[in-house]
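Below: the structure, in structure tokens.
Quick note: numbers below take in every heavy atom, side chains included, and nothing from hydrogens, waters or symmetry partners. Labels below follow one simple rule: chain letters A, B, ... track the order of the sequence lines, proteins then strands, and each chain is numbered from 1.
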2 protein chains.
Amino acid sequence: MTTNSLTAEDLGSAAQRDRRRRILDATIALASKGGFDAVQMRAVAEQADVALGTLYRYFPSKIHLLVSALARQFDDTSSMVGRRTVPGDTPADRVIYVLRRATRGMQGDANLTEALTRAFMFADASVATEIHVVGMQLTTMLTRSIKGDAYVEGEQPSDEDVAIARVISDVWLSALVSWVTGRETAEDVADHIETAVRLVLR
Amino acid sequence: MTTNSLTAEDLGSAAQRDRRRRILDATIALASKGGFDAVQMRAVAEQADVALGTLYRYFPSKIHLLVSALARQFDDTSSMVGRRTVPGDTPADRVIYVLRRATRGMQGDANLTEALTRAFMFADASVATEIHVVGMQLTTMLTRSIKGDAYVEGEQPSDEDVAIARVISDVWLSALVSWVTGRETAEDVADHIETAVRLVLR
DNA sequence: GTCATAATAGAAACACGTTGCAGTTTCGAA
DNA sequence: TTCGAAACTGCAACGTGTTTCTATTATGAC
């Protein structure tokens with residue numbers, strides 16, 4: 001294994017950085033238009049204007065590609081949403097507010113959500129790094145919501161808060177899967193999440 | 001659509017019932033040996049001694065096949081475990097006991113677990129029926145554990161118990177995915193589940 | 001500027017899920 | 001028993017993820 005695939009850290013020249021960007025752009029565009037099935041490697045390569053072999057040099061599988069796209073999306077969103085105080089009087093209210101917003105956002109681009117969620121659920125250990133990043137972003141978002149105004153930048157949340165955030169993440173992920181696979185409606189998902197949040201944050 | 005696929009209810013002749021059994025046996029055997037990837041439709045057909053087209057007549061996709069296998073496994077296990085009182089003094093203890101047993105059982109056949117879990121997470125709306133069956137089995141198992149000796153056959157569990165069971169199912173499923181995809185160890189999973197159960201059942 | 005090395009393009013080939021089809025067998029009704 | 005419909009077999013073919021290979025182009029050391 002003399003030549004590895006290019007990672008986010010080790011992006012060589014400007015041309016390579018640009019190729020990587022074009023590939024992820026094409027991925028998002030295709031996913032947004034037709035979901036997981038529409039993200040076909042040949043189509044991504046063509047739309048990004050790279051050869052198929054090059055695509056595989058940058059991302060060793062379709063799953064890596066989609067999870068990397070997910071990580072970039074998360075980065076973009078969280079850097080935009082940034083550090084605004086979460087409205088709501090109780091932890092439960094704040095968490096529900098945040099999750100409702102997130103869920104609504106994902107409903108707005110159902111195909112993209114389906115593609116990224118499926119990839120996330122299918123990802124194996126070789127994608128653990130990217131997955132972990134996404135998990136941390138989610139936990140941070142939730143513990144911040146739980147603490148509300150009491151949140152202090154850099155301070156460690158309590159073990160219990162982390163445990164609660166984790167349970168809520170799990171419920172949210174399950175609900176997301178139910179939704180993207182067409183087994184539950186958006187209302188089902190919202191109700192289910194709200195019930196769960198009020199249960200663990202009572 | 002004049003000819004539908006054969007469902008579990010509409011199993012025609014004894015020969016057809018036997019074909020179905022052979023197919024599911026072959027599926028479990030292959031999954032147990034090599035996981036999701038080893039369950040190849042041609043291999044299943046050959047091992048079950050049916051033509052590929054026949055396999056697809058019984059199960060319209062690999063996902064249907066695997067989820068049906070999962071449902072049968074669940075049936076077998078729950079009919080074996082049957083109606084034995086769950087040990088433990090508190091709901092949390094009983095639920096943890098049951099989940100530990102289940103988790104240990106799945107670790108004992110990691111490949112099979114990986115295959116069935118992946119199929120479950122990938123299943124779309126066309127598999128909703130089979131999925132629903134599995135979900136009900138899981139919920140029943142958990143509500144029974146929560147109630148312990150107070151459980152009465154045929155009695156409806158309370159809304160809160162169902163909600164709790166559902167949250168625990170979600171956590172368990174997420175943990176399972178983390179484990180089968182190699183992102184967490186079995187100990188991680190056990191700890192995580194125990195924390196979650198004590199949180200919602202305090 | 002030259003040259004070795006790595007990166008890319010382009011295209012063929014492979015693997016496996018899935019579909020389609022022609023011929024054969026099974027099965028139930030008359 | 002005979003007949004027609006449904007089920008089954010065997011096999012070829014297609015689509016898409018993945019691999020592989022050769023020729024070409026970009027890059028960086030000297």
(request) Could you tell me the separation between the OH atom of A/Tyr58 and the P atom of D/dG17, rounded to a whole number of Å? (result) 21 Å
(message) If I take atom CG in residue A/Leu30 and atom C1' in nucleotide D/dG17, what distance separates them, rounded to the nearest angstrom?
(response) 15 Å
(message) Whether B/Tyr56 contacts C/dG20 is assessed here as follows: a side-chain N or O lying under 4.0 Å from the phosphate OP1 or OP2. Is that the case?
(response) no
(request) Compute whether any side-chain donor of one residue and acceptor of the other, for B/Thr129 and B/His132, lie under 3.5 angstrom apart. (result) no
(message) How many whole angstroms separate atom CD1 of B/Ile23 from atom C1' of D/dT9?
(response) 13 Å
(request) Grab the CZ-P distance between A/Phe122 and D/dG17 for me, whole Å please. (result) 13 Å
(request) Identify which nucleotide among C/dA9, D/dC8, D/dG17 has an atom closest to any side-chain atom of A/Arg19, counting heavy atoms from C-beta outward. (result) C/dA9
(request) Look at A/Arg42 and D/dT16 and indicate whether a side-chain polar atom (N or O) is within less than 4.0 Å of OP1 or OP2. (result) no
(request) Whole angstrom is fine here: how far is it from CG in B/Leu65 over to P in C/dG17? (result) 10 Å
(request) Going by the side chain to side chain contact (heavy atoms under 4.5 Å, CB included) test, name the single residue among A/Val171, A/Ile164, A/Val95 that passes it with A/Val200. (result) A/Ile164
(request) Send over the distance from B/Leu52 CG to C/dT19 C1', rounded to a whole Å. (result) 9 Å
(request) Would you indicate which nucleotide in D/dC8, C/dT8, D/dG17 comes nearest to any side-chain atom of A/Gln40? (result) D/dG17
(message) I'd like to know if B/Asp25 and B/Arg72 make a salt bridge, using a cut-off of under 4.0 Å between side-chain N and carboxylate O.
(response) yes
(request) Answer with base, sugar-phosphate or nothing: what part of the nucleic acid does A/Val39 contact at a heavy-atom distance below 4.0 Å? (result) sugar-phosphate
(message) Tell me the interatomic distance from A/Leu55, atom CG, to D/dT19, atom C1', rounded to whole angstroms.
(response) 13 Å
(message) What I want to check is whether the side chains of A/His64 and A/Ser61 have a donor and an acceptor closer together than 3.5 Å.
(response) yes
(message) The side chain of B/Lys62 is closest to which nucleotide in this list: C/dT18, D/dT9, C/dT8?
(response) C/dT18
(request) Would you kindly compare B/Ser61 and A/Asp49 by the position of their nearest DNA chain C nucleotide and give the one closer to the 5′ end? (result) A/Asp49
(request) Nearest-nucleotide wise, let me know which of A/Met41 and A/Gly53 is further upstream toward the 5' end of DNA chain D. (result) A/Met41
(request) Scan side-chain atoms only and decide if A/Thr181 and B/Asp124 contain a donor-acceptor pair under the 3.5 Å cut-off. (result) no
(request) Using whole Å, report how far CG of A/Asp37 lies from C1' of D/dG17. (result) 12 Å
